[in-house]
2 protein chains.
Amino acid sequence: MVRLVDVAKAAGVSRSTASNVFNNPDIVRPNLRKRVEAAANELGYAGPDPKGRLLREGKFNAIAVMPPIKTSMVDVIRNPVFNLLLQGVSEVCDERGASLVVVSGHAGRNNLGSVLADGIIFSRMDQLEEAETARLRRIPYAVVDFDPGPQVNSVRVDAKAGGYQAARHLLELGHRKFAILSFLREGRGSNVIETGSTRLPESAGIATDQEKLMGYANALSEAGIDIGAVPMVQADANDPEAAGKLLDIAPEATAVLSMSVMQGIRVIGEAISRGLRVPQDLSVVGFNDIPAAEHSVPSLTTVDGMGVQKGRDAACQILDGGPPRHKIIQPVLKVRGSSGPAPA
Amino acid sequence: MVRLVDVAKAAGVSRSTASNVFNNPDIVRPNLRKRVEAAANELGYAGPDPKGRLLREGKFNAIAVMPPIKTSMVDVIRNPVFNLLLQGVSEVCDERGASLVVVSGHAGRNNLGSVLADGIIFSRMDQLEEAETARLRRIPYAVVDFDPGPQVNSVRVDAKAGGYQAARHLLELGHRKFAILSFLREGRGSNVIETGSTRLPESAGIATDQEKLMGYANALSEAGIDIGAVPMVQADANDPEAAGKLLDIAPEATAVLSMSVMQGIRVIGEAISRGLRVPQDLSVVGFNDIPAAEHSVPSLTTVDGMGVQKGRDAACQILDGGPPRHKIIQPVLKVRGSSGPAPA
DNA sequence: CAAGATTCTTGGATCGGTCCAAATGCCGCT
DNA sequence: AGCGGCATTTGGACCGATCCAAGAATCTTG
């Protein structure tokens, strides 16, 4: 491998001059510069190796995004909600000329210490131990969708407010018979659960889910409805049977609160295939605003979880440096075609 | 910043031993190891800095993907077709524990030489000059969707075959009246063009588009149809008016060949809003298979451009090393709900 | 034409590690 | 106690650059 010093030697100049030819061409006199360039050409040298420069300068000029635990990189890339986060991060990267690194779950898991970036964005709370490593490495980091405390940069959406908005919207449309399609929580035997009690899921799962539920609960209780009596199905976001199960156990519901867009869309599809009209017979509201929400028929009313904004803010927290910041973003209800007045 | 050598000094051992404590803990005797670990803890040292290691070992353990020219990182992240490529790349990265770098258009543009990765994936032919820099830097690279010659790794889909399959499918369903929704080419005054001649667009644009068109042309000509006489609209993939324009200029068409999924879906929507039934009155076939194709109503018959596979192959070409390979992937027609027998 | 003011060029130090061959220390064994 | 043999530990070299103070060359100017 030909190095800068080889070029310098070949051109009969010092390394410094050769370095200048590539980094500050204008301060080296033309004839010398020509000689160095010729030598570089001769030897097939295409400019300084970034590895050396990196060691010296210390900046990667890149932000890393860490997949949540037990999540592969592909999952991150493919997931439309995660994609919003990546969009936000890359917007900021574009503006500042930085690159985006998606860390391999494999590599990142055990040796976070080898991540080649100036900062790391973690998402979800389950990564706190790793964040600890980042802290030790003195590398800036930010946590998305969870607030681990005052020492740590964090960005999250006020999911409770989002859930509240969603439920409130349906209440204002006159709905009183609800059904909830929630996420699967670990530690449950079945993926279908009729909530018979007011006990909310314990905090072991994804924090935002619980917040959404609390938002629903608050709005409903204002209308005198006990969320403990609302039929609920908990299922994986990709479980294709959840929508059907929900409609099975809640045939009288006129409004469905879904915690995800994809499940919301499935509810619409399932309802239509059962001869219900959406929104005349059944209203559906989702959570998060991915493009699919707009393209479904009817389009899905949903709470915009401000995914792009979260990515932007997290990236800025890292790139701007300074003391830890904690941003809480207000979600915005996007009213579309899947919600309408309760049937008379 | 505390360095390995500081820890070593504090623990009263050599750098090598300290290094071993972090990299080969089992070869250093327990009491010494303890001492080093204590010192590290004391000083707040969280393990070797990857910058130093990198210089020594020379491997980034990462693959970079370069946005096409004039395309920002966000565009890449957001674009569903590009997303398939990224999925493929990250699948391979996951398998091998490598990270994925999306290069900032900004940074990448002028100083490709500073990309921190072991290999670069270029997409589209417009990046040949940059590939030249990569060649000089002796960094492996692969080009997607274009074959720059025998010296260079490349992966592309046989778009001509894809176009042929699409058109053939419609012909076999009995269609004879076609309309084509193509991409916008540069250097044209208008974005709407009725092809009045058999002259195909010159090769200035994206190579695969022309190939698709040639595939269409071949299939149609077998059925005695001159593609020069087929109404065609050229438009940007996001132009919301293209579908309408196409139906305007080709009211008698029973089948639309669209070069993209999104435009295909728009054609379906536009047709339905004009009172046409899809596929009974109008069949639509797209190109590339993104999730939206499956979720439209009716779902879109489309040619799977094997985007994920392209990403996988390109990543493998880079990671496996060896002499340049050139893979041509055969596309697969996905017949769905938007195509049916020609109306009698 | 030489001293002084500029402008270039240079060598040494540094960035933070890892690797390897040589040196040291430790052990049991005779 | 002395010694071979093995397991640890060590210092030097190297990875590939950039930066900076100081020396050398060039240009001004009296």
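Below, each value reflects all heavy atoms present in this structure, side chains not excepted, and no hydrogens, waters or symmetry copies. A note on names: the letters A, B, ... follow the listed sequences, proteins ahead of strands, and every chain is numbered from 1.
Applying the 4.0 Å criterion to OP1 and OP2 of dG16(D), one finds that R3(A) has a side-chain N or O inside that range. Between S14(B) and dG11(D), a side-chain N or O to OP1/OP2 separation shorter than 4.0 Å is absent. Look at S19(A) and you'll find a side-chain N or O under 4.0 angstrom from OP1 or OP2 of dT18(D). Neither OP1 nor OP2 of dT9(D) sits under 4.0 Å from any side-chain N or O of N20(B). Taking side-chain N and O atoms only, R53(A) has a distance below 4.0 Å to OP1 or OP2 of dT18(D). When the side-chain nitrogen and oxygen atoms of Y45(A) are compared with OP1 and OP2 of dG16(D), none of them lie within a distance under 4.0 Å. For the OP1/OP2 pair of dT8(D) and a distance below 4.0 Å, the side-chain nitrogens and oxygens of R29(B) include no atom meeting the criterion.
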(request) Give the C-alpha distance, both sets of side-chain angles, the deciding distance and a yes or no for salt bridge (Lys or Arg N to Asp or Glu O under 4.0 Å) between R325(A) and D320(A). (result) CA-CA 11 Å; R325(A) 284 175 280 170; D320(A) 292 344; 3.6 Å; yes

(request) Using the side chain to side chain donor-acceptor pair (under 3.5 Å) rule, take N20(B) and T17(B) through it: C-alpha gap first, then chi angles, then the decisive distance, then the call. (result) CA-CA 5 Å; N20(B) 281 331; T17(B) 299; 5.5 Å; no

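Atom NZ of K34(B) is separated from atom C1' of dT8(D) by 16 Å (rounded to the nearest Å). Rounded to whole angstrom, the span from the CG atom of N23(A) across to the C1' atom of dG16(D) amounts to 12 Å. In this structure, I27(B) places its CD1 atom 11 Å from P of dC19(C), rounding to the nearest Å. Atom CZ in R33(A) sits about 10 Å away from atom P in dC8(C), given to the nearest Å. One can place NZ of K59(A) at 17 Å from C1' of dT18(D), the figure rounded to the nearest angstrom. Between the C1' atom of dC14(D) and the CG atom of D6(A) lies a distance of 13 Å, rounded to the nearest Å. We find that CG of L54(B) is positioned 12 Å from P of dA17(D), with the value rounded to whole Å. Rounded to whole Å, the distance from CG on N24(A) to P on dT9(C) is 12 Å.
Between V5(A) and A18(B), it is A18(B) whose nearest contact on DNA chain D lies nearer the 5' terminus. Position along DNA chain D of the nearest nucleotide to G52(B) versus N31(B) favours N31(B) as the more 5'-ward residue. A residue-by-residue look at L55(A) and E57(B) shows that L55(A) has its nearest nucleotide of DNA chain C further toward the 5' end.
Among the heavy atoms of the strands lying under 4.0 Å from V28(A) are primed sugar atoms or P, OP1, OP2 only; no base atom is included. Among the protein residues, L32(B) comes within range of the sugar-phosphate backbone only, with heavy atoms under 4.0 Å from sugar or phosphate atoms but none that close to a base.
Paired with E91(A) under the rule side chain to side chain donor-acceptor pair (under 3.5 Å), one option of R96(A), Q309(A), R312(A) passes, and it is R312(A).
Between P68(A) and V76(A) there is a side-chain heavy-atom pair separated by less than 4.5 Å.
Within 3.5 Å, a donor on the side chain of R15(A) pairs with an acceptor on the base of dG12(C), or the reverse.
Taking the centre of each ring, Y45(A) and F22(A) come in below the 6.0 Å mark.
Taking both residues in full, the closest heavy atoms of E211(B) and R156(B) are given as OE2-NH1, 3.0 Å, listed atom of the first, atom of the second, then distance.
The side chain of R56(B) has dG16(C) as its nearest neighbour among dA13(C), dG16(C), dT9(D).
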